[in-house]
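A short write-up of the structure that comes next.
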Amino acid sequence: MAPAGLVKSTKYGNFYLHYNFMRQHYILNAHLICTLGLQRAYNYTGNSRALLLFRNGVSTFRAMHRRFDSGRWTYYAVDGDSYRPAWSASVSYHRLHVQLANSLWGRQVTATTGILQ
């Protein structure tokens with residue numbers, strides 16, 4: 001189980017929040033940065049909880065990423081109640097989203113070794 005406060009359970013899995021006081025929006029870059037940070041924490045420490053939380057973050061993103069995609073651009077956030085776009089990303093955030101998503105897609109844990117690829 002993930003710590004409370006900056007994690008919200010969704011129908012897609014646990015989403016890592018940007019603000020604990022703004023739980024009604026799911027902000028894409030916050031989730032991706034946190035997920036990648038958990039991967040880094042696992043690499044440095046070997047902590048099994050970090051690995052579990054990383055896997056959860058990847059799973060949530062895989063299930064939810066289309067909610068952040070307009071087909072031509074990314075959304076900065078989606079509404080937590082309806083899962084509809086809250087607002088579009090700026091150019092810089094769109095570029096960041098693409099970069100973070102590409103980083104995440106390449107870092108998976110193999111089922112047999114537990115090694116991050």
Side-chain angles (χ1 to χ4, degrees):
M1 172 167 273
L6 291 174
V7 179
K8 187 170 180 186
S9 179
T10 74
K11 67 182 183 179
Y12 299 101
N14 286 336
F15 194 91
Y16 303 127
L17 300 173
H18 191 69
Y19 306 107
N20 65 354
F21 59 85
M22 196 169 102
R23 300 174 68 80
Q24 73 274 20
H25 289 106
Y26 303 134
I27 298 173
L28 180 57
N29 57 283
H31 181 79
L32 295 175
I33 289 168
C34 185
T35 300
L36 290 166
L38 289 163
Q39 180 262 337
R40 180 173 276 185
Y42 173 73
N43 279 347
Y44 285 119
T45 67
N47 183 289
S48 61
R49 186 160 190 229
L51 177 60
L52 175 65
L53 294 173
F54 166 73
R55 286 178 173 168
N56 288 343
V58 171
S59 176
T60 299
F61 179 62
R62 283 192 179 277
M64 196 174 182
H65 74 277
R66 286 185 177 85
R67 295 288 182 180
F68 292 95
D69 185 357
S70 75
R72 295 176 51 119
W73 205 257
T74 59
Y75 296 110
Y76 179 80
V78 297
D79 179 74
D81 294 327
S82 65
Y83 297 99
R84 291 190 177 152
W87 58 89
S88 294
S90 66
V91 171
S92 59
Y93 274 110
H94 173 73
R95 289 179 181 155
L96 178 63
H97 293 159
V98 171
Q99 179 185 12
L100 293 170
N102 284 336
S103 293
L104 191 63
W105 290 134
R107 294 187 173 144
Q108 290 301 300
V109 179
T110 62
T112 54
T113 65
I115 296 171
L116 295 165
Q117 301 292 319

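In what follows, residues are counted from 1 in the order of the sequence shown.
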Fill in the blank from the handout: Rounding to 0.5 Å, atoms CG (L104) and NE2 (H31) come to a distance of 7.5 Å

Handout entry: Donor-acceptor contact below 3.5 Å, side chain T35 vs main chain V58
Key = no

Fill in the blank from the handout: Of all heavy-atom pairs linking P85 and V78, the shortest is CA-CG1, 4.1 Å

Practice task
Kindly write out the residues that satisfy ring pair (Phe, Tyr, Trp, His ring centres under 6.0 Å) with Y12, not counting sequence neighbours, or none if the list is empty.
Solution key: Y83

Handout entry: Between SG on residue C34 and CD1 on residue I27, distance to nearest 0.5 Å
Key = 13.0 Å

Fill in the blank from the handout: OG1 (T60) and CG (L53) are apart, to the nearest 0.5 Å, by 10.5 Å

Handout entry: T74/Y93 under side-chain contact (heavy atoms from CB on, under 4.5 Å): CA gap, chis, key distance, verdict
Key = CA-CA 8 Å; T74 59; Y93 274 110; over 6 Å; no

Handout entry: Minimum-distance pair of heavy atoms, taken over all atoms of R72 and H94
Key = O-CE1, 4.4 Å

Handout entry: Side-chain touch Y75/L28, heavy atoms, less than 4.5 angstrom
Key = no

Practice task
For side-chain contact (heavy atoms from CB on, under 4.5 Å), just list the numbers for K8 and N14, CA-CA rounded to whole Å, side-chain angles, deciding distance to a tenth of an Å, and then say yes or no.
Solution key: CA-CA 6 Å; K8 187 170 180 186; N14 286 336; over 6 Å; no

Exercise for the section: Output, in order, the C-alpha distance, side-chain angles, deciding distance and verdict of side-chain contact (heavy atoms from CB on, under 4.5 Å) for N47 and F54. Expected result: CA-CA 11 Å; N47 183 289; F54 166 73; over 6 Å; no

Practice task
Calculate, to the nearest 0.5 Å, the distance between atoms CG and OG belonging to L96 and S90 respectively.
Solution key: 9.0 Å

Handout entry: Single-linkage hydrophobic cluster L17~W87, side-chain heavy atoms < 4.5 angstrom
Key = yes

Problem - Within the 6.0 Å centroid threshold, strictly below: Y26 and F15 - result: yes

Practice task
Can you measure from CG (L51) to CG (N43) and round to the nearest 0.5 angstrom?
Solution key: 9.5 Å

Handout entry: From CA spacing to verdict: side-chain contact (heavy atoms from CB on, under 4.5 Å), I33, Y16
Key = CA-CA 9 Å; I33 289 168; Y16 303 127; over 6 Å; no

Exercise for the section: State whether the side chain of S103 and the backbone N or O of Q99 hold a donor-acceptor pair below 3.5 Å, judged by distance alone. Expected result: yes

Practice task
Please confirm whether the backbone N or O of Y76 pairs with a side-chain atom of H97, one donor and one acceptor, at under 3.5 Å?
Solution key: no

